[in-house]
Amino acid sequence: MAMDIKTEEKIKLLEEKYGQMGQDINSYLDGLLLSNFLTYWDYIQVETLLTLQNPKTDFPDEQIFIMYHQITELYFKLALNEFEQIGNNGPDMLPNGKMVGWKEKLEPKFFAERVNRINRYFEALTKSFEIMVDGMEKEQFLRYRMALLPASGFQSAQYRKIEICATDFFNLVDKDVRPTYQNQKPPIEEMFKNIYWNKGATELSSGKKTLTLLQFEKKYGAEFVRLANEYKTKNLWAKYKSLSEADQQDQKVINALKEIDVNVNINWPLMHYKSAVQYLQQNTEDIAATGGTNWQKYLPPRFQKRIFFPELWSAQEIEDWGKGWVVTNVFRDNK
Ligand code: HEM
């Protein structure tokens with residue numbers, strides 16, 4: 001039987017592809033004849049994935065706690081995958097569909113679409129956070145958490161990487177320290193010493209850094225500084241400013257950025273705070289948080305005032321940051 005003309009063409013293309021690399025297509029065809037068919041379980045690595053839950057106690061609800069953190073970290077990884085693409089202007093494809101590197105120039109449509117992907121990931125996380133708030137027995141939680149000290153979600157490196165990729169590093173400096181820099185922004189290394197999250201990891205009694213923070217800095221400090229230096233010109237704000245004046249006025253672009261600010265800096269933190277209140281607040285007396293910090297004063301967005309794009313908000317909106325006005329419906333309509 002004569003070979004299908006399409007198959008013949010494909011073989012020719014393959015010959016070209018392997019030839020360009022000095023490879024003999026026949027050896028590769030032998031390999032194809034011998035290799036197994038791909039399966040779902042191998043590709044998705046299901047079995048490995050399901051070995052990654054290792055509780056410290058026998059309380060069944062500890063499984064929920066571990067898996068929900070893992071789910072969150074996977075969403076964070078999805079977000080970082082988008083940040084990398086935006087930072088590099090998006091994938092450059094040849095007409096034959098092969099990716100050949102990154103584009104020279106960022107397109108506003110691509111920018112807004114990818115920022116909205118990140119928005120969807122955070123919306124999914126915010127919606128599903130009820131799993132933490134109402135989905136575990138308080139009795140069990142309060143017991144197994146004692147076996148997890150001094151670990152804390154505070155030590156999520158991907159969460160901090162998302163912030164570093166989103167904004168000018170200056171905006172992540174403790175809000176009380178920022179004014180002391182006046183117009184002169186010091187190098188990243190210097191600003192890192194006053195990163196906002198130090199406030200959430202200072203022992204109430206002694207004013208010293210908590211063990212949770214010391215371990216976090218030891219493991220990731222250098223990596224954060226390196227990433228921040230790399231993203232000086234690649235963070236979302238820098239990429240936005242690289243667009244033409246007209247594109248910067250595009251409402252779709254502006255709304256995508258404002259939404260990400262609300263999603264990451266208000267909506268998710270509020271849900272997360274709700275879980276802390278639910279589990280760690282007993283009557284008026286609070287149970288000391290995992291890291292031994294004053295989390296009630298630290299976690300609420302209205303105290304932190306972490307804002308990625310202050311230039312996009314009015315003075316009043318910044319003043320009211322996290323105070324209950326919820327912006328979602330403002331944007332959804334005119335997207
Ligand atoms: C019952 C569920 C949870 C409770 C009670 C809780 C409680 C807390 C508390 C008290 C803090 C303040 C730092 C400390 O004292 O340790 C904190 C920080 C943090 N947690 Fe959770 N958490 C929960 C679930 C999660 C989940 C599922 C994640 C997802 C990764 C997460 C990520 C974080 C992050 C990123 C911080 C740092 C926030 C910041 O610096 O603004 N937490 N958490």
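What you see is a predicted model; the values in this text were computed from it and never measured. All ligand and atom numbering here is 1-based and tracks the order in the structure.
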Is the closest heavy-atom distance from Arg306 to ligand 1 below 4.0 Å? yes

With a 3.5 Å cut-off and no angle check, do the side chains of Ser156 and Glu73 form a donor-acceptor pair? yes

Under 4.0 Å from a heavy atom of Met136: give me the atoms of ligand 1 that qualify, with their elements. 1 (C)

For residues 31-43, pull every pair meeting side chain to side chain donor-acceptor pair (under 3.5 Å), keeping only residues two or more places apart or in separate chains. Thr39-Trp41, Thr39-Asp42

Would you kindly say whether Lys239 and Asn89 are connected by a side-chain donor-acceptor distance under 3.5 Å? yes

Just going by heavy-atom distances, which of Phe76, Tyr159, Trp268, Phe65 is nearest to atom 32 (C) of ligand 1? Trp268

Has Asn81 got a side-chain atom pairing as donor or acceptor with Lys77's backbone, closer than 3.5 angstrom? no

What part of Gln278 sits under 4.0 Å from ligand 1 if we count only heavy atoms: the side chain, the backbone, both or neither? neither

Under a 4.0 angstrom heavy-atom cut-off, which atoms of ligand 1 come close to Gly153? 19 (C), 20 (N), 32 (C), 33 (C), 34 (C), 35 (C), 36 (C)

What atoms of ligand 1 come within less than 4.0 Å of a heavy atom belonging to Tyr298? 39 (C), 40 (O), 41 (O)

Roughly how far, to the nearest 0.5 Å, is the CG atom of Asp168 from the CG atom of Asn235? 6.0 Å

Would you mind running through ligand 1 and noting each atom that sits below 4.0 Å from a heavy atom of Leu280? 10 (C)

Check whether Ile66 and Phe141 end up in the same hydrophobic cluster, where Ile, Leu, Val, Met, Phe, Trp and Tyr are linked by side-chain heavy atoms less than 4.5 Å apart. no

Of the listed options Ala276, Ala151, Ser128, Pro269, closest to atom 5 (C) of ligand 1 (non-hydrogen atoms): Ala276

Salt bridge check, Glu8 against Lys12: does any charged N sit closer than 4.0 Å to a carboxylate O? no

Atoms in ligand 1 flagged as close to Tyr279, the criterion being non-hydrogen separation under 4.0 Å: 1 (C)

For atom 21 (Fe) of ligand 1, find the closest N/O/S atom on His272 and give its atom name. NE2

Charged tip of Arg120 within 45° of Tyr75 ring normal and under 6.0 Å: no

Going by ring-ring contact (aromatic ring centres under 6.0 Å, His included), Trp197 matches just one of Tyr220, Tyr159, Tyr298, Phe224. Which one? Phe224

Please confirm whether Phe216 approaches ligand 1 to less than 4.0 Å, judged on its heavy atoms. no

Could you tell me whether Tyr240 and Trp237 have their ring centroids closer than 6.0 angstrom? yes

Going by distance alone, is a donor N or O of one side chain under 3.5 Å from an acceptor N or O of the other, for Tyr181 and Asn194? yes

Would you say the ring centroid of Tyr68 lies under 6.0 angstrom from that of Phe65? no

Taking a cutoff of less than 4.0 Å between a non-hydrogen atom of the residue and any ligand atom, is Arg145 in contact with ligand 1? no

For ligand 1, which atoms, with element, lie under 4.0 Å from some heavy atom of Tyr68? 27 (C)

Closest by any non-hydrogen atom to atom 2 (C) of ligand 1: pick that one out of Pro300, Ser275, Ser156. Ser275

Looking only at N/O atoms, are Trp295 and ligand 1 under 3.5 Å apart anywhere? no

Provide the number and element of each atom of ligand 1 under 4.0 Å from a heavy atom of Thr72. 29 (C), 30 (C)

Backbone or side chain, does any N or O of Arg160 fall under 3.5 Å from an N or O of ligand 1? yes

Considering distance alone, does some N or O of Ser152 sit under 3.5 Å from an N or O of ligand 1? yes

Need the ligand 1 atom indices (1-based, order shown) with element for anything under 4.0 Å from a heavy-atom of Phe141. 1 (C), 5 (C)

